[in-house]
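Starting from 1, each residue takes its place in the sequence as its number.
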Amino acid sequence: MLRASLIAIALCCGHAAHADVLNLPSQRDASSSTVTLPQRGERMSAVQAQFGTPAKRFAPVGGGKPQHPPITRWDYANFSVFFEREWVIDAVVKDSPAPLRNTEALRSGP
């Protein structure tokens with residue numbers, strides 16, 4: 001039994017270390033979007049005045065409690081806008097990843 005354990009340990013230690021490499025896009029790559037988006041805090045009426053009628057409006061979800069206000073989504077050709085009640089809380093470009101934040105801990109090296 002001891003011999004089998006020693007062989008197993010030797011085999012595990014004999015393998016070369018392997019690590020995955022995480023390649024982070026540069027900030028220039030991450031911010032290449034040229035789509036103008038509504039800003040946080042704008043009202044629905046201002047968004048519609050600036051960008052026109054959305055291609056699709058989704059019914060509000062939530063709103064059953066004060067802690068869970070109604071959230072509404074409007075889809076335009078290149079982006080979606082999310083509202084809490086009547087104010088913009090976020091706008092997202094379709095098929096575009098969110099910008100990376102707090103990447104310092106992901107970078108290795110001295």
For this session: Run the numbers on Thr36 and Phe79 for side-chain contact (heavy atoms from CB on, under 4.5 Å), then give the verdict.
Result: CA-CA 9 Å; Thr36 301; Phe79 61 93; over 6 Å; no
For this session: Would you confirm whether Gln50, through its side chain, and Gln48, through its main-chain N or O, come within 3.5 Å as a donor-acceptor pair?
Result: no
For this session: Could you tell me whether a side-chain N or O of Tyr76 sits under 3.5 Å from a main-chain N or O of Val81, the two making a donor and an acceptor?
Result: no
For this session: Is it possible for you to say whether Val92 and Met44 belong to one hydrophobic cluster, with membership spreading through side-chain heavy-atom contacts below 4.5 Å?
Result: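 Unlinked, Val92 and Met44 end up in two clusters.
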Exercise. Are Val61 and Phe82 connected in the hydrophobic side-chain network, where two residues link if heavy atoms are under 4.5 Å apart?
Worked result: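 Yes: a chain of side-chain contacts under 4.5 Å links Val61 to Phe82.
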Problem set entry | From CA spacing to verdict: side-chain contact (heavy atoms from CB on, under 4.5 Å), Trp74, Phe58 | CA-CA 6 Å; Trp74 288 2; Phe58 293 85; over 6 Å; no
For this session: Mind jotting down which residue pairs meet the salt bridge (Lys or Arg N to Asp or Glu O under 4.0 Å) criterion with at least one end in residues 64-90? Sequence neighbours excluded, please.
Result: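 Only Arg43-Glu86, Arg73-Asp75 qualify under salt bridge (Lys or Arg N to Asp or Glu O under 4.0 Å).
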Problem set entry | side-chain contact (heavy atoms from CB on, under 4.5 Å) evaluation trace for Asn78 with Lys94 | CA-CA 6 Å; Asn78 297 322; Lys94 293 180 181 181; over 6 Å; no
Problem set entry | Rounded distance (nearest 0.5 Å) linking atom CD of Glu42 with atom CZ of Phe51 |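 Interatomic distance, Glu42 CD to Phe51 CZ, rounded to 0.5 Å: 6.5 Å.
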